[in-house]
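Values below: every heavy atom of this structure, side chains too, minus hydrogens, waters and symmetry copies.
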Amino acid sequence: MAEVLVVVEGSVKKVTLELLTIARTLGSPSAVVFDSSVDQAKLAEYGAEKIYVAPASDYLVAPKATVVAQLVREKQPAAVLLGSTQEGKEIAGRLAVKLDNGLLTDAVEVAADGTATQVAFAGSTIVKSKVTKGLPIVTIRPNSVTPSPQPATPAVEDVTAELSEADKLTKVVERVTETKGSRPELTEAGVVVSGGRGVGNADNFKLVEELADLLGGAVGASRAAVDSGYYPHQFQVGQTGKTVSPQLYVALGISGAIQHRAGMQTSKTIVAVNKDPEAPIFELADYGVVGDLFKVVPQAADEIRKRK
Amino acid sequence: MNIVVLVKQVPDSGAERTLSSQDFTVERASASNVINEMDEYAIEEALKIKEAHGGEVTVLTMGPAGATESIRKALSMGPDKAVHISDDALHGSCAVATSKVLAAALGQLNADLILCGAESTDGRVQVLPHMIAERLGIAALTGARKLTVDGSQLTAERQTDEGYEVVTAATPAVVSVWDTINEPRYPSFKGIMAAKKKPVQALSLAEVGVDAGEVGFAGATSQVLEYSKRPPRSAGTKITDEGDGGSQLVAFLATEKFV
Ligand SMILES: Cc1cc2nc3c(=O)[nH]c(=O)nc-3n(C[C@H](O)[C@H](O)[C@H](O)COP(=O)(O)OP(=O)(O)OC[C@H]3O[C@@H](n4cnc5c(N)ncnc54)[C@H](O)[C@@H]3O)c2cc1C
Ligand SMILES: Nc1ncnc2c1ncn2[C@@H]1O[C@H](COP(=O)(O)O)[C@@H](O)[C@H]1O
């Protein structure tokens, strides 16, 4: 069976396990990691038959694309799968140019023949596409499939690629980790609780965080909440923020503008609390409470604590 | 500094968008078209750099004839001139081909700094900046939320899921920006009047130096096979809080096994 390269950009994330799960339906999964400290046991647990270990680098992204391009030339894989993340897309874009090959981004499904299903236009349209030149290079949106384990005993192989001068033009001089506590990552979380302008100020976002923590979820925010300085930008959900597709999305004090929907409309279950009965968010909410979030949310939090 | 800003015209994300039922390309004819929002931030950043360090700002667009509207709008914010690559053969071009055309045009423009949006709101592919850097063999500082220019040295801060990174490179470079980088200015009346007289150079594919067989449907590296409208979500239960809204909400979450 042909290899399918699964690009592990940094550490093993939930999306990595989803990529391995999809890769198994297309061929034999080979994970590509860029750091020898990556959790190889986890990759094995989800079916990696091979692990290619490339050295870490202080240059931005470009060297990773060079490594993957070399592996494609040497191993002739059936496909390359990456996460639909900032870095996954950068590697995919560079790889497509290096190999003069097509690419598909934001897929939620890949069929055995390489046909990818993509969700377009704010979740309103479903598109099926195929790479017609070269092998399928596909980036997959987090939360597209449920990762399932299938233990394998991977062969580990070190890879080195000769970097070009162009690979070494942009240097990473500092990496700053901002603590986000124990909450799951926004795009990968099974539950997302988001606050909008209705939350009123940064301090009140504690209420949103509290509910998120009780539900084991991540915190999101509308653009209006971000622009008003209530919550940091990396948590923005929507057209110009993150796309999330959790099992449960809770919208608190969010009107449901089309650009916000763009980032959350494929969530499995949507719940909204808004004091305006005409708010558009109710048009897509499976369960809506018309009411003041400052009354409804604390009561809900108490109720959850009682049930625990 | 010679700065080129990449500007794409896209269908308004606030309105209904669709694919053409004939050739599955983004329907642009019937849509109300605007400048890709992220590109306005790239224009603003270019103008700020010009104001601080001098130089010239050129807008570069690849798009159908109707894209002139967005080019004039971009010019009304303050750039000096524009280049518009337009050719019937370009219809149906994939990202790989688009990057080939833009890179070829950029090769003629001798830019020190290429600024663009991090992603376009129609395709949301978020790959063009990297593809262009790869083709031109120049540095890329992508997804910047802050940019500092010191002579030929560029320093950018880019958001990551874990926090942020500080990256550096020397010009020539491509920098793609997110909407956190600045606050784009509104065109002034004077700016709008001046934009009407600013030079907009039209370039055909032949003038850019790319073969028609490498672009459009002829040169596409991927193909849309079919598309369908997702059934719109329908409203479920809606209750009005009469003192027990929170409890009822949790009761619903419990039936769905979230608590
Ligand atoms: C190109 C473009 C891109 C955009 N990208 C994004 C994006 O990525 N993400 C995004 O979110 N938006 C985006 N927007 C903005 C979007 O159009 C809306 O302006 C934004 O989503 C509104 O945020 P909001 O719902 O929090 O605020 P508002 O629209 O002001 O709504 C606040 C809601 O809170 C309710 N409320 C107030 N007080 C209470 C209370 N005490 N209890 C209960 N409810 C209360 C109100 O009834 C109201 O419905 C974009 C816009 C454009 C033009
Ligand atoms: N046809 C085009 N003409 C000019 N610039 C473009 C074009 N397509 C994409 N871009 C630029 O590339 C950025 C990223 O686009 P994309 O990779 O399509 O998401 C946009 O924000 C634009 O700045």
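For A/Lys268, the part sitting under 4.5 Å from any heavy atom of chain B is the backbone (N, CA, C, O) and nothing else. With a 4.5 angstrom heavy-atom cutoff, A/Glu90 touches chain B via backbone and side-chain atoms both. Heavy-atom distances place both the backbone and the side chain of B/Gln126 under 4.5 Å from chain A. Only the backbone of A/Ala285 comes within contact range of chain B, with at least one heavy atom under 4.5 Å from a heavy atom of that chain. Interface residue B/Val224: backbone and side-chain heavy atoms are both found under 4.5 Å from chain A. The parts of A/Ser129 that come within reach of chain B are both its backbone and its side chain, each placing non-hydrogen atoms under 4.5 angstrom from that chain. Of the two parts of A/Asn101, only the backbone, made up of N, CA, C and O, holds a non-hydrogen atom closer than 4.5 Å to a non-hydrogen atom of chain B. Only the side chain of B/Val259 has a heavy atom closer than 4.5 Å to any heavy atom of chain A. Contact annotation for A/Thr139: neither backbone nor side-chain heavy atoms come within less than 4.5 Å of a heavy atom of chain B. A/Leu215 touches chain B through its side chain: at least one heavy atom from C-beta onward sits under 4.5 Å away, while N, CA, C and O do not. Contacts of A/Leu169 with chain B are made by both backbone and side-chain atoms, with heavy-atom separations under 4.5 Å. Proximity to chain A is limited to the side chain of B/Ser99, based on heavy atoms less than 4.5 angstrom apart. For B/Ala251, the parts lying under 4.5 angstrom from a heavy atom of chain A are both the backbone and the side chain. Contacts of B/Glu157 with chain A are absent, with no heavy-atom separation under 4.5 Å from either backbone or side chain. In this structure, the portion of A/Asp106 lying under 4.5 Å from any heavy atom of chain B is its side chain and not its backbone. For A/Ile91, no part sits under 4.5 Å from any heavy atom of chain B, backbone or side chain. Heavy-atom distances place both the backbone and the side chain of A/Leu248 under 4.5 Å from chain B. Contact of A/Ile270 with chain B is made through backbone and side chain together, with heavy-atom distances under 4.5 Å. Residue A/Arg307 touches chain B through its side chain alone, counting heavy-atom pairs closer than 4.5 Å. For A/Ser84, no part lies near chain B; criterion is any non-hydrogen pair under 4.5 Å.
Taking the side chain as every heavy atom from C-beta outward, B/Arg230 and A/Thr125 never approach each other to under 4.5 Å. Looking at heavy atoms from C-beta onward, A/Tyr287 lies in side-chain contact with B/Ile239 at the 4.5 angstrom threshold. In this structure, A/Arg94 and B/Val127 have side chains that are not in contact, with every pair of non-hydrogen atoms separated by 4.5 Å or more. In this structure the side chain of A/Leu103 never reaches within 4.5 angstrom of the side chain of B/Ser222, judged on heavy atoms. B/Glu214 is not listed as a side-chain neighbour of A/Asp100, based on a closest heavy-atom distance of 4.5 Å or more. Counting heavy atoms from C-beta outward, B/Phe252 and A/Thr269 have side chains that approach closer than 4.5 Å.
The greatest number of non-hydrogen atom pairs below 4.5 Å with chain A, out of B/Ala170, B/Gly236, B/Gly163, B/Gly246, is found for B/Gly246. Highest contact tally toward chain B, considering only A/Asp167, A/Thr105, A/Val176, is held by A/Val176 [criterion: heavy-atom pairs under 4.5 Å]. Residue with the most contacts toward chain B among A/Leu284, A/Leu214, A/Val297: A/Leu284 (heavy-atom pairs, distance under 4.5 Å). By number of non-hydrogen pairs under 4.5 angstrom with chain A, the leading residue of B/Val26, B/Leu249, B/Thr180, B/Leu141 is B/Leu249. Per-residue heavy-atom pair counts under 4.5 Å with chain B were compared for A/Arg223, A/Gln247, A/Lys308, and the maximum is reached by A/Arg223. Between chain A and the residues B/Leu19, B/Asp179, B/Val96, the most heavy-atom pairs under 4.5 angstrom are made by B/Asp179. Contact count versus chain B (heavy atoms, under 4.5 Å) is highest, among A/Val131, A/Thr115, A/Thr243, for A/Val131. In terms of heavy-atom pairs under 4.5 angstrom with chain B, the leader among A/Ile126, A/Val250, A/Ile258 is A/Ile126.
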- Item | Verdict with supporting geometry, B/Leu253 and A/Val271, side chain to side chain contact (heavy atoms under 4.5 Å, CB included) | CA-CA 9 Å; B/Leu253 294 178; A/Val271 166; 4.1 Å; yes

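A donor-acceptor pair under 3.5 Å is formed between the side chain of A/Thr170 and the backbone N or O of B/Ala140. Side-chain atoms of B/Arg233 come within 3.5 Å of backbone N or O of A/Gln265 as a donor-acceptor pair. Put simply, the side chain of B/Thr240 never gets that close to the backbone of A/Val290: no donor and acceptor are under 3.5 Å apart. One N or O on the side chain of A/Gln299 and one on the backbone of B/Gly243 form a donor-acceptor pair closer than 3.5 Å. With hydrogens and angles disregarded, no donor-acceptor distance shorter than 3.5 Å links the side chain of A/Glu303 to the backbone of B/Ser247. Using modelled atom types, no side-chain atom of B/Glu37 and backbone atom of A/Thr240 make a donor-acceptor pair closer than 3.5 Å.
Remark: A/Glu87 CD to B/Arg158 CZ distance equals 7.0 Å, nearest 0.5 Å. The line from CD of A/Glu174 to CD of B/Glu165 is 10.5 Å long, rounded to the nearest 0.5 Å. Taking NZ of A/Lys128 as the reference point, atom OH of B/Tyr227 lies at 15.0 Å (rounded to 0.5 Å). Taken to the nearest 0.5 Å, the NZ atom of A/Lys171 stands 13.0 Å off from the OG1 atom of B/Thr155. Distance CG/A/Leu60 to OG1/B/Thr142: 5.5 Å, rounded to 0.5 Å. If you take NZ on A/Lys130 and OG1 on B/Thr221, they are separated by 14.0 Å, rounding to the nearest 0.5 Å.
Between B/Lys238 and A/Glu278 there is no salt bridge, since no side-chain nitrogen of the basic residue lies less than 4.0 Å from a carboxylate oxygen of the acidic one. A salt bridge links A/Lys98 to B/Glu134: one of the charged nitrogens lies within less than 4.0 Å of a carboxylate oxygen. A salt bridge is absent between B/Asp241 and A/Lys275: the closest approach of a Lys/Arg side-chain nitrogen to an acidic carboxylate oxygen does not fall below 4.0 angstrom.
Under 3.5 Å, the side chains of A/Gln234 and B/Trp178 contain no donor-acceptor pair of N or O atoms.
Within 6.0 Å of NZ on A/Lys14 lie more than 12 heavy atoms contributed by other residues, nucleotides or ligands. Surrounding CG of A/Asp113 are more than 12 heavy atoms belonging to other residues, nucleotides or ligands, all under 6.0 Å away. Within a 6.0 Å radius of NZ in A/Lys295, other residues, nucleotides and ligands contribute 12 heavy atoms or fewer.
Heavy-atom minimum distance, B/Gly137 versus A/Ala166: O-CB, 4.0 Å.
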